[in-house]
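The analysis underlying the following values was restricted to heavy atoms, covering all of them including side chains, and did not include hydrogens, waters or symmetry mates. Each chain gets a letter, A, B and so on, in the order the sequences are listed, and its residues count up from 1.
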Number of protein chains: 2
Amino acid sequence: MRTVEKALRLLDFFSDKMPEIGLSELAKLSGIDKTTVLRMLADMAECGLVEQKTDDKKWRLGAGVLRLARLREATQPVTRVLTPILERLAEQTGETAHASLLSGRDLANIGVVEPARANRVHIEPGLVLPLHATASGIAVTAFLRPEQRERVLARKLAAVTGQTPTSRERLAELVDRVRTRGYSVADQTYEDEVYGLAMPIFGPDGFACGALAVATPASRVTKAHEAAIIAALAPAAREATLGLGGRPSPEHRITV
Amino acid sequence: MRTVEKALRLLDFFSDKMPEIGLSELAKLSGIDKTTVLRMLADMAECGLVEQKTDDKKWRLGAGVLRLARLREATQPVTRVLTPILERLAEQTGETAHASLLSGRDLANIGVVEPARANRVHIEPGLVLPLHATASGIAVTAFLRPEQRERVLARKLAAVTGQTPTSRERLAELVDRVRTRGYSVADQTYEDEVYGLAMPIFGPDGFACGALAVATPASRVTKAHEAAIIAALAPAAREATLGLGGRPSPEHRITV
DNA sequence: CCGTGTCGGTTCATTATTTACACCGTTGTT
DNA sequence: AACAACGGTGTAAATAATGAACCGACACGG
């Protein structure tokens with residue numbers, strides 16, 4: 001279909017686990033012909049988005065992404081604003097805190113701070129979080145513009161774990177609950193044994209543009225621990241919204 | 001010509017000075033038809049590379065670039081390695097220090113540290129530096145693989161200032177001088193009143209993959225100041241090379 | 001030493017995608 | 001009220017993307 005999007009989707013195959021990919025490998029992964037993949041990679045390399053190692057000819061993300069990120073940070077310092085908030089959140093809760101922003105049709109993880117304890121949740125940097133399968137995603141969906149929310153509900157929902165909501169009804173139910181409670185709970189919907197709590201970050205238009213989340217091992221969850229996390233999350237999310245120049249939604253009220 | 005490259009080139013119109021661009025404006029800037037630009041932006045937005053503001057419909061870089069940058073830093077921590085080196089360099093020389101990496105056909109500025117004095121050179125974050133018109137660029141060109149170097153020399157060279165080398169002969173002369181001296185000098189070749197000194201950073205293959213540079217107001221340049229900067233630059237560049245997992249080139253010797 | 005598989009990369013005819021023109025509705029200005 | 005500029009949409013023509021076959025290089029195994 002659209003060539004540009006197909007090319008850019010290739011970038012999503014690079015991950016923490018697989019930072020370098022060979023031509024044939026990427027062609028197999030994406031299901032696109034080798035020739036096409038090569039042309040796309042060459043084009044993206046020309047612009048610095050990817051680069052090819054000289055020794056084994058494998059491809060990886062290029063220096064251009066660093067430049068673009070710096071450029072965005074220069075006028076929109078989200079990482080700088082979010083990092084101290086995440087650090088405080090991780091310290092207060094003793095759990096892994098992370099932030100993500102709407103990016104295309106999904107959520108892009110753009111900051112993680114892990115607490116100083118042995119048993120903690122690890123979150124891969126630069127992960128893409130599906131809107132329907134994570135606490136952050138559902139928190140964002142709940143406070144999207146109605147027509148956008150509708151579009152998310154209408155998607156076909158892939159099951160990530162056994163707990164992932166896959167029907168429109170189930171997801172709508174979760175979203176509704178978040179709208180009344182003000183925070184989102186994901187019990188092993190994205191990864192087994194991981195329990196997530198999240199709250200939306202609002203943009204200047206009063207709709208969600210991202211989320212702040214705390215992830216804990218499911219075994220450690222108690223009523224009290226959850227309440228403590230929510231209590232820490234609420235001011236942190238508010239601070240994040242204001243720090244990014246957003247406007248809190250009047251519809252967002254936390255009820256425990 | 002190639003659609004993907006054309007689309008990605010649109011990203012280069014975003015800068016520190018112009019972080020948000022409207023559709024028609026971008027069409028005018030790029031010389032591409034409105035329809036096409038819109039489709040390309042939509043495709044890139046789908047992947048998170050750009051996003052559209054809801055209020056004035058202008059476009060800007062998206063959260064996806066932050067994700068990609070994080071991903072690259074996770075496996076290749078160049079910013080983390082380079083920042084302390086730049087800070088030391090800026091302090092030692094009292095001048096603006098910056099680092100850039102090969103990115104496509106040009107050099108991408110990925111780190112700047114300005115000294116704590118009033119009269120200093122300001123360098124825009126995320127700037128793209130032409131290989132032929134900057135100290136960094138010529139330093140890199142001088143220690144590229146011979147065939148790549150040849151390709152750079154064969155380009156048509158745009159004049160940025162009155163001092164920019166525009167003929168192949170002039171550029172080759174500058175490059176040769178850098179190969180014997182080990183460092184590069186750019187006297188107002190990119191910006192008036194700015195004097196640049198640079199040294200290459202080497203990749204694992206022993207060829208240049210970037211540069212470390214110090215920029216000073218031309219009015220402040222003296223023999224002694226220049227010597228002091230070179231003396232600070234040499235160990236810094238070596239440290240950068242090693243810190244990034246590179247191998248210093250045996251052909252790189254500094255002669256003052 | 002010769003098959004065999006895989007790799008990155010190239011060629012070229014076919015096809016489907018991109019493209020540009022005109023047009024629409026809205027907004028803000030004169 | 002007329003006008004211009006903006007973001008965005010349809011459609012027909014043309015250009016650019018596509019994928020099968022192919023090439024040389026390399027590694028492995030008999």
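Sorted pairs that involve residues 38-66 of chain B and meet ring-ring contact (aromatic ring centres under 6.0 Å, His included), not counting sequence neighbours, are lacking altogether. Sorted pairs that involve residues 3-29 of chain A and meet ring-ring contact (aromatic ring centres under 6.0 Å, His included), not counting sequence neighbours, are lacking altogether.
For DNA chain D, the neighbouring residues in residues 32-39 of chain A, judged by any heavy atom under 4.0 Å, are A:D33, A:T35, A:T36, A:R39. Of the residues in residues 49-59 of chain B, those lying under 4.0 Å from DNA chain D by heavy-atom distance are B:Q52, B:K57.
Under the side chain to side chain contact (heavy atoms under 4.5 Å, CB included) criterion, B:P125 pairs with A:R70, A:A74, B:D16, not counting sequence neighbours. Legend: residues meeting side-chain hydrogen bond (donor to acceptor under 3.5 Å, both in side chains) with A:H98, ordered by chain and number and at least two apart, are A:N109. Here A:R155 pairs with nothing under the side-chain hydrogen bond (donor to acceptor under 3.5 Å, both in side chains) rule; sequence neighbours left out. Checked against ring pair (Phe, Tyr, Trp, His ring centres under 6.0 Å), A:Y183 has no partners two or more places apart in sequence or in another chain. For B:R9, the side-chain hydrogen bond (donor to acceptor under 3.5 Å, both in side chains) test picks out B:E5, B:D12, with sequence neighbours left out.
Close placement of the A:F143 and A:F202 rings is indicated, their centers lying within 6.0 Å of each other.
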Run the side-chain donor-acceptor check on residues 22-29 of chain B: report pairs under 3.5 Å with partners two or more places apart or on a different chain.
residue	atom	partner	partner atom	Å
B:E25	OE1	B:G22	N	3.2

Which donor-acceptor pairs under 3.5 Å do side chains of residues 34-49 of chain B form with protein atoms, sequence neighbours excluded?
residue	atom	partner	partner atom	Å
B:T35	OG1	B:D33	OD2	2.9
B:E46	OE2	A:R105	NH1	3.0

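The side chain of A:S24 contributes an N or O atom lying less than 4.0 Å from OP1 or OP2 of C:dG8. Look at A:K6 and you won't find any side-chain N or O under 4.0 angstrom from OP1 or OP2 of D:dA17.
Taking five base pairs at each end of the helix from C:dC1-D:dG30 to C:dT30-D:dA1, the local helix axes there meet at an angle of 30°, rounded to 10°.
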